[in-house]
Amino acid sequence: MSKRAEPIRSVKGTRDLLPAETGLWQRVEDEARRILGAYNFREIRTPILEQTALFARSVGADTDIVTKEMYTFEDRTSESLTLRPEATASVVRAYIEHNLFNEGGIHKLYYIGPMFRRERPQKGRYRQFYQIGAEVLGSDHPTIDAEFLEMLVLFLGRLGLREYNLLLNSVGCPKCRAEYLKVLRQALDKVKDKMCGDCQRRAATNPLRVLDCKVETDQPIIESLPHTLDHLCPECRQHFDRVTGELQQRGIPYQIAPRLVRGLDYYTRTTFEMTSNVLGAQNAFLGGGRYDGLSEMLGGPPTPGFGVAIGEDRLILAVEQTASLKPDDRLDIYVAWMGEGALHPASQLARELRRDGLSVEIGYEPMKLKKSLGIASRLGARFTVIIGEGELTAGRFQVKDMSTGQQEEIEPARVAAVVKEKLQKG
RNA sequence: GUGAGCGUAGCUCAGCUUGGUAGAGCGCCAGACUGUGGAUCUGGACGUCGCGGGUUCGAAUCCCGUCGCUCACCCCA
C-alpha cells in the first residue's frame with residue numbers, strides 16, 4: 001500500500017464558494033445587473049492582469065496597497081505584472097486606451113469580478129475577493145454623485161438590506177487639500193504627543209490617516225482636529241453643498257463623516273462609504289468617490305470620474321445576517337422509475353421536461369420507490385413523477401406534490417404543462 | 001508584518017485541568033414499512049485525536065517545535 005498523498009489545499013485567503021452559497025451570489029449579481037442596467041450602466045470586462053505601473057500611478061506609490069499588498073511578478077520577458085488590487089484604474093486605462101472620450105458624452109461602466117490583495121485574512125477580508133464596481137466618466141456634475149448614491153440605496157433595498165449607514169465627506173481638490181494638510185500638520189504638532197504610537201508615526205508619514213484612527217483614547221483629540229470640509233476651496237464647497245442638497249431632495253439619509261478619508265491617492269471631492277454593524281471589524285462593505293484627476297495621472301485627457309467599489313463578500317455577509325433574500329435553487333421535478341422497462345420512458349419524459357425549461361433530476365439505476373422519494377425529498381423537489389409497471393400499462397404517470405403529498409394521474413404529454421401551472425400558483 | 005484563540009467522525013462539538021488506549025448530537029446507510037419521502041423506533045458504517053519530536057510503563061490529555069484555520073491590529077471592499 002502506498003502512503004496517501006498530502007492533499008493540496010486552496011491558497012491562503014482564497015476560498016471555494018460551494019453550491020450552497022453560489023445561489024445567493026447569483027441573486028445578488030442579478031439584482032446588481034438589473035439596477036445598473038436601469039441606470040444605463042454597461043458592463044466592461046478588463047483583464048485581471050495589468051502592468052504594475054498602472055496601479056503605482058493611480059492607487060498611489062506610497063499606499064499600503066501598492067507597497068505591500070499587491071501580487072506582483074515578472075513574466076518571462078521580465079515585464080512586471082500585477083493581479084489587480086482594484087479595478088477603477090483598469091477601467092480608466094481602458095477608457096483611455098480605446099479613446100472612448102472621443103465619443104463624447106459620459107460613459108457609465110460597471111464590472112463584477114475578483115481582486116487580489118495580499119493581506120492577512122480575517123472576517124470579511126480575503127486575498128481574492130470580489131467587487132461589483134461602477135464608474136461614471138466624463139462629468140463632474142454633483143447630480144451624478146447624488147444619483148449614483150440613490151442607485152446604491154435602491155440596490156440595497158432590493159437586496160432587503162436596511163441596516164447600514166451612508167457616510168459622506170469631501171476631501172477637496174489638490175489645491176484645497178494642500179492647504180488643509182498644512183493646517184492639519186500644524187494642529188497635529190501640538191497634540192500628537194498625547195496620541196497612540198501609530199498616530200504619531202502617521203502624523204509624519206500620512207497625516208490624513210490619523211483621522212481614521214480607531215483607538216478610543218485618541219477620539220477626543222481627533223474630534224478637535226480641523227476638518228477637510230472647513231478648508232475646501234469655494235468650488236469644492238459649492239460642489240459638496242449641491243451633492244448634499246440633492247441627497248436631501250431624493251430622501252436619502254446620510255451622515256457627514258469628517259474623518260472619512262479614503263486610502264487611495266486618486267480621490268478628490270466627494271468620498272463615501274457604507275457601513276454595517278454586522279460585519280465585524282471590517283465594517284465598510286462599499287466605498288468610493290470622485291476622482292477627477294485620475295485620467296490625467298494615467299496619461300489620458302482631463303476626465304472627471306465618480307465610482308464605487310462594492311465588496312461583494314462583505315455585502316453577502318450582511319445580506320445573510322440581516323436580509324431574507326433567498327436564492328431560488330429548488331428542483332422542480334424528480335423522476336422516480338421502477339423496473340428496467342421504465343428507464344426509457346422515464347428518460348424520455350425527463351428530456352422533454354428539461355427541454356420545457358424545468359429543472360429535473362432522475363435516478364440512474366433502479367431503486368425502490370421509497371428510496372427514490374427519499375432522494376427527491378432531500379433534493380427539495382417540488383414534484384415527483386412516479387413511473388412503474390402500472391403507470392406504463394395505464395399510459396398515465398403519477399405526479400406527486402411533495403409538499404402536500406397529493407398525487408394525480410397524468411398522461412406523459414401533459415406533465416410539463418400541469419407542473420408548470422401548479423408552480424405558477426404555488 | 002504583529003498579537004490572541006482554536007485544530008478530536010462528513011458537520012457542530014464534549015473529553016484535556018486531575019495521563020489508563022475515543023464519545024454525543026446531527027447527517028449518512030439499512031430495517032421496522034417487498035410501489036409512497038419528510039415523523040418515530042431499532043441497528044450499522046465512519047477517527048493517522050492537524051503533523052513531528054520529547055516526558056512516561058502508558059499521551060487526544062503534559063512539554064517543545066511545526067503547519068493550518070479563525071479573529072483582531074495595520075489598511076481596505
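What you see is a predicted model; the values in this text were computed from it and never measured. Lettering of chains follows the sequences in order, A, B, ..., and the numbering in each one begins at 1.
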### Query
If you measure from the P atom in C51(B) to the same atom in A45(B), how many Å do you get, rounded?
24 Å
### Query
By centroid distance (under 5.5 Å) and plane angle (under 30°), are F285(A) and A77(B) in a stacked arrangement?
no
### Task
Describe the nucleic acid contact of G390(A) in one word from base, sugar-phosphate, nothing, applying a heavy-atom distance below 4.0 Å.
base
### Message
Using every non-hydrogen atom in the two residues, find where A346(A) and I387(A) come nearest and quote the distance to one decimal.
### Response
CA-CD1, 3.7 Å
### Task
Go through the N and O atoms of the side chain of R125(A) and the base of C75(B), and report whether any donor-acceptor pair is under 3.5 Å.
yes
### Message
If you count every heavy atom of other residues, nucleotides or ligands that lies below 6.0 Å from D356(A) atom CG, does the total exceed 12?
### Response
yes
### Message
Under 4.0 Å, counting only non-hydrogen atoms across every strand here, what does A376(A) touch: a base, just sugar-phosphate, or nothing?
### Response
nothing
### Task
Just name whichever nucleotide pairs with G58(B), Watson-Crick or G-U, keeping both distances under 3.5 Å, else none.
none
### Message
Does A72(B) have its OP1 or OP2 closer than 4.0 Å to a side-chain nitrogen or oxygen of Q122(A)?
### Response
yes
### Task
Report yes if a side-chain nitrogen or oxygen of R378(A) is closer than 4.0 Å to either non-bridging phosphate oxygen (OP1 or OP2) of C29(B); otherwise report no.
yes
### Message
Over all strands shown, is Q128(A) touching base, sugar-phosphate only, or nothing at heavy-atom distances under 4.0 angstrom?
### Response
nothing
### Message
When the P atoms of G50(B) and C16(B) are compared, how many Å lie between them, rounded to an integer?
### Response
15 Å
### Task
Calculate the interatomic distance between R120(A) atom CZ and A77(B) atom P; express it in whole Å.
21 Å
### Task
Whole angstrom is fine here: how far is it from CZ in R118(A) over to P in U2(B)?
11 Å
### Query
When you compare C67(B) with A22(B), how far apart are their C1' atoms, in angstrom units rounded to a whole number?
24 Å
### Message
Just N and O in the side chain of Q398(A): are any of them under 4.0 Å from OP1 or OP2 of G35(B)?
### Response
no
Please set out all donor-acceptor pairs under 3.5 angstrom arising from side-chain atoms of residues 365-375 of chain A, sequence neighbours excluded.
none

### Query
Between the side-chain atoms of E119(A) and the base atoms of A77(B), is any donor-acceptor pair under 3.5 Å?
yes
### Query
Taking the nucleotide of RNA chain B with the closest heavy atom to each, which residue, Y126(A) or K400(A), is nearer the 5' end?
K400(A)
### Summary
Given the options L54(A), L100(A), L137(A), V92(A) meets side chain to side chain contact (heavy atoms under 4.5 Å, CB included) only with L137(A)
#### Entry: Touch class at under 4.0 angstrom, heavy-atom based, for E273(A) against every strand present
nothing
### Summary
The Watson-Crick or G-U wobble partner of C71(B), with both key distances under 3.5 Å, is G3(B)
### Query
Contact class for G133(A) vs. all strands (heavy atom < 4.0 Å): base, sugar-phosphate, or nothing?
nothing
### Message
What's L315(A) touching, base or sugar-phosphate or nothing? Going by heavy atoms closer than 4.0 Å.
### Response
nothing
### Message
Once you apply a heavy-atom cut-off of 4.0 Å, does M402(A) come out as touching a base, just sugar-phosphate, or nothing?
### Response
base
### Query
CG of L369(A) versus P of G35(B): gap in Å, rounded?
7 Å
### Query
Taking the same atom, C1', in U48(B) and in U8(B), what whole-Å distance lies between them?
12 Å
### Query
Hey, is the side chain of K370(A) poking within less than 4.0 Å of OP1 or OP2 on G37(B), counting only N and O atoms?
yes
For a quick test of your reading: what N or O donor-acceptor pairs under 3.5 Å do the side chains of residues 389-396 of chain A make, sequence neighbours left out?
unit_1: E391(A); atom_1: OE1; unit_2: G388(A); atom_2: N; d: 2.9
unit_1: T393(A); atom_1: OG1; unit_2: E389(A); atom_2: O; d: 3.2
unit_1: T393(A); atom_1: OG1; unit_2: G390(A); atom_2: O; d: 2.9

### Summary
pair_partner(G65(B)), Watson-Crick or wobble, both distances < 3.5 Å, evaluates to C51(B)
### C74(B) to U18(B) separation - C1' atoms, rounded to the nearest Å
43 Å
### Message
Between R290(A) and P304(A) (side chain of the first, backbone of the second, donor and acceptor by atom type, cut-off under 3.5 Å), is there such a pair?
### Response
no
### Task
Return the value, rounded to whole Å, for the distance between atom CG of L152(A) and atom P of A77(B).
14 Å
#### Entry: Spacing of M70(A) atom CE relative to C75(B) atom P, expressed in whole Å
18 Å
### Query
Paired with A22(B) by Watson-Crick or G-U wobble geometry, both distances under 3.5 Å: which nucleotide is it?
none
### Message
If you count heavy atoms of other groups shown closer than 6.0 angstrom to CD of E163(A), is the number above 12?
### Response
no
### Message
Side chain of F129(A) only, heavy atoms from C-beta on: which candidate in C71(B), A77(B), C73(B) is closest?
### Response
A77(B)
### Separation of the C1' atoms in U12(B) and C6(B), to the nearest angstrom
14 Å
### Query
If only side-chain N and O atoms of K371(A) are considered, is one of them under 4.0 Å from the OP1 or OP2 phosphate oxygen of A30(B)?
yes
#### Entry: Nearest heavy-atom neighbours spanning T46(A) and S90(A)
OG1-CB, 3.5 Å
#### Entry: Spacing of the C1' atoms in G23(B) and U61(B) (rounded, Å)
15 Å
### Message
Could you identify the nucleotide paired to A32(B), looking across every strand shown and requiring Watson-Crick or G-U wobble geometry with both distances under 3.5 Å?
### Response
U40(B)
Nucleotide N/O to protein N/O under 3.5 Å, stretch nucleotides 66-69 of chain B:
unit_1: G68(B); atom_1: O4'; unit_2: R9(A); atom_2: NH2; d: 3.3
unit_1: C69(B); atom_1: OP2; unit_2: K12(A); atom_2: NZ; d: 3.0

### Message
Less than 3.5 Å apart, any donor N or O on the side chain of Q128(A) or Y130(A) sitting next to an acceptor on the other?
### Response
yes
### Task
List the steps, then state whether salt bridge (Lys or Arg N to Asp or Glu O under 4.0 Å) holds for K425(A) with E421(A).
CA-CA 6 Å; K425(A) 284 185 196 159; E421(A) 196 189 325; 3.6 Å; yes
